[in-house]
Amino acid sequence: MSKLVTVSLKAGHFLLPSYKAKQPFGLIPCLEDADLTVFESRAIARYLAEKYEGQGTPLLGKTLKERAIINQWADSEAQNFQPATGPMVREAFVAAFGIRPVDEEVVAAGMKKLDQVLDVCEAHLAKGTKYLAGDDFSLADLFHTVYMNWMKSARPELLEKRPH
């Protein structure tokens with residue numbers, strides 16, 4: 001049976017030795033599934049997509065070509081999208097916890113990078129695919145979801161000018 005365990009960032013649970021034994025970098029998330037412990041969100045998502053392949057939406061693709069395109073856009077998220085959005089999200093997080101004020105230079109640099117990344121995504125989607133890797137929702141889209149949701153509320157202007 002699965003059980004969701006909340007790790008309190010404010011209380012510093014991620015710094016406890018018992019947590020770091022599971023996630024050596026002391027970050028979130030971490031998944032325990034029977035005798036397997038997996039950390040890093042993308043690794044967890046890939047593991048779950050493979051474990052439950054054939055049940056629901058085929059997040060990994062059905063053919064070698066589909067998988068290659070999904071992997072391409074999933075890697076693009078890790079190499080282009082996340083490096084642009086991650087620092088901005090961290091700044092919002094740091095400010096929300098009152099650790100220090102937002103570093104506006106970090107946000108401005110992230111906005112500049114992200115604007116370029118979103119232009120590439122917009123141009124690709126404008127060619128007629130419903131999702132990044134084709135007409136079916138995939139891991140590539142899932143990986144973008146967390147920061148896209150943040151952007152919709154924190155930086156909607158980045159998305160409003162891009163209809164796709």
Side-chain angles (χ1 to χ4, degrees), residues 1-9 13-90 92-93 110 113-156 158-160 162-164:
M1 166 165 285
S2 297
K3 178 179 144 185
L4 178 65
V5 177
T6 302
V7 176
S8 173
L9 298 177
H13 291 165
F14 60 99
L15 299 172
L16 295 173
S18 59
Y19 185 76
K20 287 185 102 176
K22 300 170 192 171
Q23 209 308 2
F25 297 102
L27 301 172
I28 57 170
C30 177
L31 172 75
E32 292 180 281
D33 187 21
D35 65 344
L36 175 67
T37 301
V38 181
F39 60 89
E40 296 297 340
S41 57
R42 291 173 192 87
I44 292 168
R46 283 186 177 102
Y47 168 74
L48 292 172
E50 288 182 32
K51 179 176 180 176
Y52 295 104
E53 193 168 15
Q55 301 178 39
T57 303
L59 297 173
L60 301 168
K62 298 173 197 152
T63 67
L64 180 62
K65 181 179 177 181
E66 287 177 1
R67 286 178 189 252
I69 294 168
I70 290 168
N71 285 334
Q72 167 185 276
W73 284 101
D75 287 353
S76 177
E77 184 275 336
Q79 301 300 318
N80 299 292
F81 183 77
Q82 194 283 331
T85 55
M88 291 190 296
V89 171
R90 277 190 292 285
F93 179 79
K113 286 180 192 174
L114 184 57
D115 207 40
Q116 295 167 349
V117 172
L118 291 175
D119 283 346
V120 170
C121 293
E122 179 68 17
H124 173 70
L125 290 167
K127 293 176 185 174
T129 62
K130 189 173 178 182
Y131 298 99
L132 286 171
D135 290 328
D136 296 313
F137 186 80
S138 71
L139 271 185
D141 305 293
L142 183 66
F143 291 165
H144 285 80
T145 301
V146 174
Y147 287 159
M148 287 296 276
N149 282 335
W150 171 81
M151 247 190 309
K152 281 175 67 175
S153 62
R155 301 288 178 176
L158 288 169
L159 300 175
E160 289 167 355
R162 295 176 173 93
H164 297 94

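A quick note: this is a predicted structure, and the numbers were derived from the prediction, not measured.
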**Q** Nearest heavy-atom pair of Pro83 and Ala78: which atoms, and what distance?
**A**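 Closest pair (atom of Pro83, atom of Ala78, distance): CD-O, 3.3 Å.
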
**Q** With ring centroids as reference points, do Phe14 and Tyr19 lie under 6.0 angstrom apart?
**A**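 Phe14 vs Tyr19: aromatic centres not under 6.0 Å.
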
**Q** In plain terms, say whether Arg162 and Asp119 are close enough for a salt bridge, that is, a side-chain N and a carboxylate O under 4.0 Å apart.
**A**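 Result for this pair is yes, salt bridge flagged.
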
**Q** Could you tell me whether the side chain of Glu53 and the main chain of Pro58 form a donor-acceptor pair under 3.5 Å?
**A**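 Not confirmed, Glu53 side chain does not pair with Pro58 backbone.
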
**Q** After noting the C-alpha distance and the side-chain angles of His124 and Thr129, does the key distance pass the side-chain contact (heavy atoms from CB on, under 4.5 Å) rule?
**A** CA-CA 8 Å; His124 173 70; Thr129 62; 3.9 Å; yes

**Q** For the residue pair Leu60 and Leu139, establish whether any side-chain heavy-atom pair is separated by less than 4.5 Å.
**A**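 In short, these two side chains touch, coming nearer than 4.5 Å.
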
**Q** Tell me whether the count of non-hydrogen atoms from other residues, nucleotides or ligands lying under 6.0 Å of CG in Leu36 goes above 12.
**A**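 Correct, the count exceeds 12.
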
**Q** Determine the minimum heavy-atom distance between Pro156 and Ala154, stating which atoms define it.
**A**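 That closest heavy-atom pairing would be CD-C, 3.4 Å.
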
**Q** Enter the distance from Lys113:NZ to Leu118:CG here, rounded to the nearest 0.5 Å.
**A**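 Between atom NZ of Lys113 and atom CG of Leu118 there are 14.0 Å.
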
**Q** Quick one: does Asp136's side chain have a donor or acceptor within less than 3.5 Å of a partner on Gly61's backbone?
**A**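 Absent.
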
**Q** For Glu40 and Arg42, indicate whether the former's side chain and the latter's backbone hold a donor-acceptor pair under 3.5 Å.
**A**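 Checked: no pair found.
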
**Q** Rounded at 0.5 Å granularity, tell me how far OG in Ser138 sits from NE2 in His144.
**A**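 The NE2 atom of His144 is 9.5 Å from OG of Ser138, to the nearest 0.5 Å.
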
**Q** Dump the intermediate steps for side-chain contact (heavy atoms from CB on, under 4.5 Å) on Trp73 and Cys121, then the final yes or no.
**A** CA-CA 10 Å; Trp73 284 101; Cys121 293; 4.2 Å; yes

**Q** Over all heavy atoms of both residues, which pair between Pro24 and Phe39 is shortest? Give the atoms and the distance, please.
**A**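 What the structure gives for the nearest pair is CD-CE2, 3.4 Å.
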
**Q** Parallel, tilted or perpendicular, judged at 30° and 60°: which one describes the rings of Tyr147 and Phe81?
**A**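 Judged by the thresholds at 30° and 60°, the geometry between Tyr147 and Phe81 is tilted.
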
**Q** Might you work through the side-chain contact (heavy atoms from CB on, under 4.5 Å) test for Met148 and Leu159, ending with a clear yes or no?
**A** CA-CA 9 Å; Met148 287 296 276; Leu159 300 175; 3.7 Å; yes

**Q** Heavy-atom distance under 4.5 Å between the side chains of Asn80 and Val120, does that happen here?
**A**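 Side-chain contact under 4.5 Å: no.
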
**Q** Minimum heavy-atom separation for Pro163 and Glu122, please, with both atom names.
**A**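 Looks like CD-OE2, 3.2 Å.
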
**Q** Once you round to the nearest 0.5 Å, how far does CG of Leu142 lie from CG of Leu132?
**A**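 Here the rounded value is 11.5 Å.
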
**Q** Would you check if Phe137 and Lys130 make a side-chain contact, meaning some heavy-atom pair closer than 4.5 Å?
**A**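 No, their side chains stay 4.5 Å or more apart.
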
**Q** Strictly below 4.0 Å, N to O, side chains only: are Asp75 and Arg46 in salt-bridge contact?
**A**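 The answer is yes: the pair qualifies as a salt bridge.
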
**Q** Would you find a donor on one side and an acceptor on the other, under 3.5 Å apart, between the side chain of Thr57 and the backbone of Leu59?
**A**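 No, Thr57 side chain to Leu59 backbone: no donor-acceptor pair under 3.5 Å.
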
**Q** Mind listing the closest non-hydrogen atom pair of Gly128 and Asp135 along with its distance?
**A**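 Answer, listing the atom of Gly128 first, then Asp135: O-OD1, 4.1 Å.
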
**Q** Taking atom OG of Ser153 and atom CZ of Arg155, what is their separation to the nearest 0.5 Å?
**A**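 Rounded to the nearest 0.5 Å, the OG-CZ separation comes to 10.5 Å.
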
**Q** Check the pair Val146 / Val89 against side-chain contact (heavy atoms from CB on, under 4.5 Å), numbers first and verdict last.
**A** CA-CA 10 Å; Val146 174; Val89 171; over 6 Å; no

**Q** Looking only at non-hydrogen atoms, find the nearest pair between Lys22 and Cys30 and report the distance.
**A**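 Looking at all heavy atoms of both residues, the shortest contact is CB-SG, 3.7 Å.
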
